[in-house]
Structure formats: C-alpha cells, structure tokens
Amino acid sequence: MLRVHDTALGRVVDLDQRQPGHLAMYVCGPTVYDTPHIGHGRFVLVYDVLRRYLEWRGVEVHHVSNVTDIDDKIIDRARSEGRSWEEVATEQEKAWWEAMDALGAARPTETPHATRYVEAMVEAVAELESRGYAYRAADGVYMEVARVEGYGLLARQPLDSLRAGARVEGPADKRSPLDFALWKLARSDEPSWEAPWGPGRPGWHTECVVMSLDLLGEGFDLHTGGLDLRFPHHENERAQAVALGRPFARHWMHHGMVETGGEKMSKSLGNFTTMADLLARYEGRAYRLAVLQSHYRKPMEVTPAVMADASRSLDRLDALARRVAGAELGEADEGARERFAAAMEDDLDTPAAVGMLFDLVRRANSALDSGRVEEGRRLAATVASLASPLGLALGGGGDALDGETASLVARRDRARAERDYASADALRQELVSRGWVVEDSPGGTKVRRARGL
RNA sequence: GGCGGCGUGGCCGAGUGGUUUAGGCAAGGGCCUGCAAAGCCCUGUACCCCGGUUCAAUUCCGGGCGCCGCCUCCA
C-alpha cells in the first residue's frame, strides 16, 4: 500500500483509493502565460514518477492535469505585446508540451482547458450564489469563505490567524480580504463570456473544482500541486466543493519548490531557470535523475554542480546497460524489487530507491568483472526493470557517427593493430576534442557523445 | 505576528536509540589497460549548539542559533 504525506492531515497516511486498482489523480497544471521553468519540470516529473510507479504495480491511473488558458497574466502579456490572448496561450502551451516531452513525461490522460469549461463554471458560481456562499461586489462575484465549514484545513491554521490578504487590492464592498473572486467582470477591452452577473471571466480557483469533479467524479483519490498552491488556491477549491455539497479529493499531496539560490540562478551569471535553458545543456533524463535524488517534499537546489553530478550518475547507469546490451538478461531479482517498492511506497522515497539502483549497478559490474556472467546479467536486468517505473530508459548509446568520426575510429583501430600507439593516442585526442568519449574494447574503439557537464 | 519545514562527512542526499555499510558525485591509493576510458577493491570516520531522558542519542524531549517556505499571483 502506497503511503503518502497528506497535507490535509499533516502526516503520512495510506493512500486508500475510491476503487481499488484505480487511482484518480488531479495534478494542478500550468497557467500558460510564459516559458516553463525548472520548477514546472520538477512537478511534472514528481507526478510522472508517481503515476509510472503505480502503473508498474498494476494500478490503472486516471491522470488529469489542467491548462489554465485564460488568466490575468495572459491578458497582461498579450496587451503589452500587442497580440491576442489566444495567441499567447497557444504559443506558451506549445512550449509547455515541448519541454515536458523532452523530460520524457507521459502526457496526462486528459488535459482540460479552462476556456472550454466556462459554461460549467458559470453554473457552479450560480449554484454557490443560490446556496448563499457567493455575493456580488462592484467588480465581480466573490466567495464568502467565512461561511465555509472547515476553511483553513489545508492552511492548517485558524481563519483569524491568517494575515488576511493584507496586500490584496479589492473593491470596497468585499466582505473579507480572504474572500476570493469567482467571477471577474470584464473591463471594456478584456476577453469575456456571458453570465448572469454580466460579461466577464471565471476566477482562477473555480476551474480546478469544476474540471476535476467533471472528469474524475466526486471523491476522487488524489489532488496534487506545488506547496505554494496549498493556500490559498487549493484551500479555495476545497471551499467551493464543500459549499457545493460535493465530496472532493480524498487526499492532498504537495511537492517542494525548486530553489534558485538567489543570484546563483540568474541568466546573467550563465545559469538557467527555464526548461529550455536547462535542456540545451543537459539531457532531460539527467534532470529526471536529479529530481529523483531529492525527496519530493523537500526544497531542491538546482545548480550546474547538481546537474553535472546527475549527468555523471546517469552515465554510470547507461554504462551498465551498454555493457549487457544484446544479451539475454533473465529475470529481475524479486528481493530487490520488493525493497525498491518498499522505498517507493514510503512516501515516495525516490532518493533511497535510486540508491538501491546504484547498489545493484555495482553488484552487477562486480559479478561481470569476476566472470559470474549469469548473475551479472540478472542484476543488470533488475536495474533496467526498476528504472522503468522511474521513467528512466537506460542505455543511451546509439550516437550516430558522422563519416569523419567513423574514419578517425577506423584509423585508430588500424594504428592499434599495428601497435603504433603514438598515432593511436593522437587519434584518440582528436576524437576527444571533437566531443566524443573514447573507450577501447575487444571489438575495437568505441565512441559516444560526451554529455554536458 | 501566525503556521510549517529544514540543519548529516568536500558537495548532493537517505536512514537509524547501541553492534555492519545508505547511495551518487568529487578526492587519494590499488587492480585492470600498451597508455587511457569504463569497471572493481580500499580510504575519509559525518550527523548545528546547549541541556534533559536513557546503560546508550545523530536518531526521543526541551531550549537556543541559523536557513527556508506559506500567510499575496505562483508548480
């Protein structure tokens, strides 16, 4: 049984499912107003691994992740760039999926868009109004949170201790600073949809409630997102579900933020913050490994050193896969599978699980070194088998050789055969300077691309 | 001000009341190799500070210090 930290309870609990063998999961997705950054990459990878692990265990996962394609920030950007908001949203969503594909993240089962749920959101807000939870103010319709039983569950502190939205600008007739917009009336040049309160657009907190309940049904299993969404976003989603009288998520999971180390991550210092920058220098798999090597609930520092470490660690995994490539590997080790599963089920302890993987790598190499071929292959099979729920395809290799490189390799093999080591070394140096890693083997010179470090 | 988290060897990062080590990267030594690379073996003797509980604490309790997150759009 998978155990995870449930934010609503503040402790690690069994993830009991509405329907055994199935997991209905809602992952709070992006607002597509700007380029995806490495924090987005982390969150996608965390839940990608959760999903892959469960599927590896035979659980069918219904993975819904939204795309917020109408929002103040999209409107602001479009306005400042003299473009339509649709154009901005479409372009940024494209960038989103490109980055996530590059990370090898499985696409969600469904990706609902806010703009296609406006009608349903209008109905929900009308229902909240008729139930007495919503009221009209000068610039829109607001949710009166004080009327919601248990408000503050996810914030984990009483309502009156919250610093009451001190800096939020609101209309004079807003009843409490904590009240949030359900419907924003459109100013003249803003995109709008028809509604009983006048043309406008839905407030951000409404889409996730409506879409998750529509696609996953009442009492779905798991609602996830960044720790920064815990309050007020998720709190407000929950408040609406409660007010609507609809059972909401059974469990809440939140992951830690990526820390940029202040100036250390600024582009001016040659670092990266966007996924595009990161992926230009490192493999997507390396970032995946870096993410796995930190625990999902802890803050994670992403620096060039961390990425270089991860890239080298990945090399080690790939090296074993290459070493046994083409061989009949045999069955994975059952005991190792169980230990791995135990770590994963302990609140997704991926750092420990990855540690086990490397332990197996060492044992496999050791066995192969000492001629215990069958044992070595079996251990290598175990590594490959356990890498799969982590979303890591191992082996790399397959770097295509251009004609010039192939010629250098051939010349080097000839030189070595003639024991002309001076030439062989010069040719190796030439290959290295062209960005190849050179390894000798019984079959001759092997080269592969050096990874970004 | 409120709520919460964290502080482990050069770096990243698990874990545990005591006897056997997480794991990766980096470093040093060795084996292997024509030389390398890859791989293997060995080495480092870590747990913020101060009290307390205990036969025994890095691991539990209290206090302190430091760092961080949320309370405001945010993955």
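Naming convention: chains lettered A, B, ... in sequence-line order (proteins, then strands); numbering from 1 in each chain. Predicted model, so just to flag it, every value in this text is computed and none were measured.
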Novice: Rounding to an integer number of Å, can you tell me how far E207(A) CD sits from C73(B) P?
Specialist: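 It is 14 Å, rounded to the nearest whole Å.
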
Novice: Any cation-pi pair here, R201(A) with W183(A), using under 6.0 Å and within 45°?
Specialist: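 Relative to the ring axis of W183(A), which defines the angle, R201(A) lies outside at least one limit.
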
Novice: Between P on G4(B) and CE on M257(A), what's the gap in Å once rounded to a whole number?
Specialist: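 It works out to 19 Å between those atoms.
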
Novice: Please name the nucleotide paired to A36(B) by Watson-Crick or G-U wobble geometry with both distances under 3.5 Å, or report none.
Specialist: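 Checking every strand shown, A36(B) finds no partner, since no pair has both distances under 3.5 Å.
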
Novice: Could you tell me how far A27(B) sits from G9(B) if I compare only their C1' atoms? Round to whole Å.
Specialist: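 Between the two C1' atoms, the distance is 13 Å.
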
Novice: What I want to check is whether the side chains of Q92(A) and W96(A) have a donor and an acceptor closer together than 3.5 Å.
Specialist: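 The answer is no; no qualifying pair exists.
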
Novice: Taking the basic N atoms (NZ, or NE/NH1/NH2) and the acidic carboxylate oxygens, is any pair closer than 4.0 Å for D315(A) and R312(A)?
Specialist: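 Salt bridge: no.
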
Novice: Taking only the side-chain heavy atoms of A352(A) (C-beta and beyond), determine which of A14(B), U72(B), A75(B) contains the nearest atom.
Specialist: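 Looking only at heavy atoms from C-beta outward on A352(A), the closest nucleotide is A14(B).
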
Novice: Using the side-chain heavy atoms of R312(A), tell me which of these nucleotides is nearest: A75(B), A37(B), A26(B).
Specialist: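 Of the options given, the side chain of R312(A) lies nearest A26(B).
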
Novice: G24(B) C1' sits how many Å from L317(A) CG, rounded?
Specialist: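 L317(A) atom CG is separated from G24(B) atom C1' by 9 Å.
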
Novice: Would you measure the distance from the C1' atom in U21(B) across to the matching atom in C65(B) and give it in whole Å?
Specialist: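 Here U21(B) and C65(B) have their C1' atoms 33 Å from each other.
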
Novice: Counting heavy atoms not belonging to R175(A), are there more than 12 under 6.0 Å from its CZ?
Specialist: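 Counting other residues, nucleotides and ligands, CZ of R175(A) exceeds 12 neighbours.
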
Novice: Which base sits across from U72(B) as a Watson-Crick or G-U pair, both distances under 3.5 Å?
Specialist: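 WC or wobble partner does not exist here.
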
Novice: Dump every N/O contact between nucleotides 5-11 of chain B and the protein below 3.5 Å, one line per pair.
Specialist:
none

Novice: How far, in whole Å, is G4(B) from G64(B) if one measures between their P atoms?
Specialist: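 One P to the other, the span is 15 Å.
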
Novice: Output, in order, the C-alpha distance, side-chain angles, deciding distance and verdict of ring-ring contact (aromatic ring centres under 6.0 Å, His included) for H255(A) and Y47(A).
Specialist: CA-CA 9 Å; H255(A) 64 272; Y47(A) 302 112; 5.4 Å; yes

Novice: Which of these nucleotides, A75(B), G23(B), G39(B), is closest to any side-chain atom of D359(A)?
Specialist: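 Looking only at side-chain atoms, D359(A) lies closest to G23(B).
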
Novice: C28(A) or L357(A): which one's nearest nucleotide on RNA chain B is closer to the 5' end?
Specialist: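 Upstream on the strand: L357(A).
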
Novice: Please report the distance separating the C1' of U20(B) from the corresponding atom of C48(B), rounded so that it comes out in whole Å.
Specialist: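 Roughly 27 Å separates the two C1' atoms.
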
Novice: Take the protein atom CG of L348(A) and the nucleotide atom C1' of G15(B), then report the distance between them rounded to whole Å.
Specialist: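 So the two atoms are 17 Å apart, to the nearest Å.
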
Novice: Go through the side-chain N and O atoms of R230(A) and H254(A) and say whether any donor and acceptor fall under 3.5 Å apart.
Specialist: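 Result is no, nothing qualifies.
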
Novice: Does a salt bridge link E190(A) with K184(A), judged by any charged N lying under 4.0 Å from a carboxylate O?
Specialist: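 Salt bridge flag = no for K184(A) with E190(A).
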
Novice: Ignoring the backbone of D369(A), work out which of G24(B), A14(B), C40(B) is nearest its side chain.
Specialist: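 Selected nucleotide (nearest to the side chain): C40(B).
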
Novice: Just call it for D349(A): base, sugar-phosphate, or nothing, with non-hydrogen atoms closer than 4.0 Å on any strand.
Specialist: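 The answer is sugar-phosphate, as D349(A) gets under 4.0 Å only of primed atoms, P, OP1 or OP2.
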
Novice: Can you tell me the pairing partner of G17(B) across any strand shown, Watson-Crick or G-U wobble, with both distances under 3.5 angstrom?
Specialist: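 Looking at the geometry, G17(B) pairs with no nucleotide.
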
Novice: Using Watson-Crick or G-U wobble geometry with both distances below 3.5 Å, tell me the partner of C67(B), or none.
Specialist: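 With both distances under 3.5 Å, C67(B) matches G5(B).
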
Novice: Over how many whole Å does the gap from L45(A) atom CG to A75(B) atom P extend?
Specialist: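 L45(A) atom CG is separated from A75(B) atom P by 16 Å.
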
Novice: At 4.0 Å (heavy atoms only), tell me whether H254(A) reaches a base, stays on the sugar-phosphate, or touches nothing.
Specialist: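 Touches nothing.
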
Novice: Rounding to an integer number of angstrom, what distance separates A56(B) and A22(B) when you compare their P atoms?
Specialist: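 It works out to 25 Å between them.
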
Novice: Below 3.5 Å between N/O atoms, which protein atoms pair up with nucleotides 42-47 of chain B? Just atom names and distances, please.
Specialist:
none

Novice: Base, backbone or nothing for each nucleotide of nucleotides 27-36 of chain B, written B, S, -, heavy atoms under 4.0 angstrom, 5' to 3'?
Specialist: -------BBB

Novice: Can you see which heavy atom on L329(A) is nearest to which on A381(A), and at what distance?
Specialist: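 It is CB-CB, 3.6 Å.
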
Novice: Distance check needed: C73(B) C1' versus R201(A) CZ, whole Å only.
Specialist: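 Whole-Å distance recorded here is 13 Å.
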
Novice: To the nearest Å, how far apart are M356(A) CE and G23(B) P?
Specialist: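 It works out to 12 Å between those atoms.
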
Novice: When D48(A) is tested against each of R107(A), R288(A), R42(A) for salt bridge (charged side-chain N to carboxylate O under 4.0 Å, His left out), which residue passes?
Specialist: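 Filter result, single survivor: R288(A).
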
Novice: Pairing check on G62(B): which nucleotide meets the Watson-Crick or G-U wobble criteria with it, both distances under 3.5 Å?
Specialist: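 By the stated definition (distances under 3.5 Å), C50(B) pairs with G62(B).
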
Novice: Looking at K94(A) and E98(A), does any basic side-chain N land under 4.0 Å from a carboxylate oxygen?
Specialist: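 Judged by the 4.0 Å cut-off on N to carboxylate O distance, K94(A) and E98(A) do form a salt bridge.
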
Novice: Should the pair R412(A)-E430(A) be classified as a salt bridge under the 4.0 Å nitrogen-to-oxygen rule?
Specialist: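 No salt bridge links R412(A) with E430(A).
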
Novice: Look at the side chain of K73(A) and decide which nucleotide, out of A75(B), G24(B), C73(B), has an atom nearest to it.
Specialist: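 Output: C73(B).
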
Novice: Roughly how many Å is it from CZ in R316(A) to P in C12(B), rounded to a whole number?
Specialist: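 Answer to the nearest Å: 21 Å.
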
Novice: Salt bridge check, D318(A) against R448(A): does any charged N sit closer than 4.0 Å to a carboxylate O?
Specialist: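 Between D318(A) and R448(A) there is no salt bridge, as every charged N stays at least 4.0 Å from the carboxylate O atoms.
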
Novice: Base, sugar-phosphate, or nothing for G225(A), non-hydrogen atoms under 4.0 angstrom?
Specialist: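 Sugar-phosphate: the residue G225(A), judged by heavy atoms under 4.0 Å, touches backbone atoms but no base.
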
